Amino acid sequence: MAHEGVADLGTASGGADAVDASATERRMHLVAYNMWAELFDNGRFPDAQTILRTGMGDFGQHAVLMQFSDDLDDAAIKYVGRKVMNEAELDAMPSDLQSVPSRSILSRLTDHYMQTVANRAPVGFEAEFVNEAEKLLLYRGILLPCSSDGDTIDSALGVINWKEGVSAHSTTPVAHDASPLQTKKKKPKKDGAEPKAGQPSPERNPVPVAHQDNENMPKKSSISERKNIMSYEVKLNECLEIDGSMAVALVDQASGMALATAGSAKGLNLEVAAAGNTNVMRAKYDTMRELGLKEDIEDVLITLDSQYHLIRPVTSESGKGLFVYLVLDKAKANLAMARFKLSKIEKELTV
């Protein structure tokens, strides 16, 4: 019996328990990406409605379409695949973000759609969390930006797959949401063979990618190295004890996603700021590479009329590829002391 508001635009073999993380998930996301890329025409983003009319095949039951033409902060949900609905135990499709169960696979997509808006490019990620049924789910997803006019991103198509991991009651500590990871791109064949059908030629149809490989960019650690969520939550709270501190975020440099946040600054969306400051870091690493500078970035300071924004890369082995983003009230902060304290906290931060 079909759920209200859910169309059978595609079929997928097996349920969550049958997902093969190394093959089925990547294939599903590659098919979705290739369809999106085929419709990406000379810098113009594809229309989500075109994708719906075309049909989503294998990934339809794992797809979600969000539209935010009216309000970026409160996207409307236009489509949810059957398997995503079943995992969330929903009888009817939620109409907006407020209606999405917080501990559901659906929320893994709806929580991060702003990243693809900020990057204006596809964003791939994988992580783990404990759902409403107290089951540990390992998931992999991709978010694809879409536009009704080809330029303004007003919707996002998400595709997500998952499998059940070790029991949530296991004695092994597990983060409820680990770091998003970059979707790996296939290397081009050396023999110059033509790309497969549905996969656009890079020379003919350049496609934006949120995550650029950069030899100077610190490499990100794996999910298995990021399970101690309590450690960095404590350290973020310590950052808020710095005089003048308003808000702080721990950011994954490869995807631009905030892994954890604390505090708040009026008028500042920390998730959007995290993505934006990731671009700042990428630009700086690119410049250093062009200048031939083989040094590490200690911190980056941005001075506004009323605020200081400090960006400090995490130097611990387990935190490679992350940075701490701290917002300070300029009138209340002692900049020298804030930099000193942030340096001390960052060196003790483990993830």
Side-chain angles (χ1 to χ4, degrees), residues 5-7 9-10 28-60 62-81 84 93-98 100 106-125 141-160 180 182-183 185 195 198-212 255-257 269 271-279 282:
V6 182
L9 296 186
M28 183 180 295
H29 301 143
L30 183 60
V31 169
Y33 174 81
N34 283 344
M35 175 180 286
W36 179 90
E38 184 69 15
L39 296 170
F40 184 83
D41 183 23
N42 295 322
R44 294 181 65 79
F45 293 97
D47 184 1
Q49 295 303 318
T50 300
I51 295 176
L52 289 179
R53 287 193 299 269
T54 303
M56 294 186 283
D58 285 349
F59 63 84
H62 292 255
V64 175
L65 176 61
M66 293 163 280
Q67 188 175 40
F68 31 85
S69 53
D70 297 327
D71 187 352
L72 183 60
D73 292 324
D74 189 19
I77 297 175
K78 297 299 183 180
Y79 171 81
V80 180
V84 179
M93 185 178 73
S95 59
D96 53 37
L97 300 188
Q98 305 301 322
V100 174
L106 176 57
S107 71
R108 301 305 91 190
L109 286 172
T110 59
D111 281 356
H112 299 305
Y113 72 91
M114 278 194 177
Q115 303 304 321
T116 196
V117 178
N119 282 301
R120 290 181 63 82
V123 173
F125 54 93
I142 186 169
L143 283 161
L144 305 165
C146 300
S147 171
S148 57
D149 63 11
D151 180 55
T152 303
I153 299 174
D154 53 22
S155 57
L157 176 67
V159 179
I160 192 165
Q182 175 178 348
T183 301
K185 293 172 280 187
Q199 188 171 359
S201 166
E203 293 79 7
R204 155 174 76 80
N205 189 12
V207 176
V209 179
H211 321 307
Q212 300 293 337
S255 68
M257 291 187 182
N269 185 313
E271 286 205 352
V272 174
N277 283 298
T278 297
N279 292 331
R282 288 190 188 126

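These numbers come from a predicted model, not from an experiment.
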Please give me the minimum heavy-atom distance between [X] and [Y], naming the atom from each residue.
{"X": "Glu271", "Y": "Asp111", "answer": "OE1-O, 3.2 Å"}
{"X": "Pro94", "Y": "Leu106", "answer": "CG-CD2, 3.8 Å"}
{"X": "Val159", "Y": "Ala32", "answer": "CG2-CB, 3.8 Å"}
{"X": "Phe68", "Y": "Ile153", "answer": "CE1-O, 3.4 Å"}
{"X": "Leu144", "Y": "Tyr33", "answer": "CD2-CD1, 4.2 Å"}
{"X": "Pro145", "Y": "Pro122", "answer": "CD-N, 3.7 Å"}

From [atom1] ([X]) to [atom2] ([Y]), nearest 0.5 Å:
{"X": "Arg44", "Y": "Asp149", "atom1": "CZ", "atom2": "CG", "answer": "6.5 Å"}
{"X": "Leu97", "Y": "Ser107", "atom1": "CG", "atom2": "OG", "answer": "10.5 Å"}
{"X": "Met35", "Y": "Leu157", "atom1": "CE", "atom2": "CG", "answer": "9.0 Å"}
{"X": "Gln49", "Y": "Gln67", "atom1": "CD", "atom2": "CD", "answer": "7.0 Å"}

Check the pair Arg120, Asp151 against salt bridge (Lys or Arg N to Asp or Glu O under 4.0 Å), reporting the backbone distance first and the verdict last. CA-CA 10 Å; Arg120 290 181 63 82; Asp151 180 55; 3.3 Å; yes

With under 30° as parallel and over 60° as perpendicular, where do the rings of Phe45 and Phe40 fit, or are they tilted in between? perpendicular

Would a 4.5 Å heavy-atom cut-off, applied to side chains only, mark [X] and [Y] as touching?
{"X": "Leu143", "Y": "Leu109", "value": "yes"}
{"X": "Val64", "Y": "Val84", "value": "yes"}
{"X": "Asp154", "Y": "Cys146", "value": "no"}
{"X": "Met66", "Y": "Tyr79", "value": "no"}
{"X": "Val123", "Y": "Ile142", "value": "no"}
{"X": "Leu65", "Y": "Ile77", "value": "no"}
{"X": "Asp41", "Y": "Pro46", "value": "no"}

Side-chain (His62) to main-chain (Ile160) donor-acceptor, under 3.5 angstrom: yes

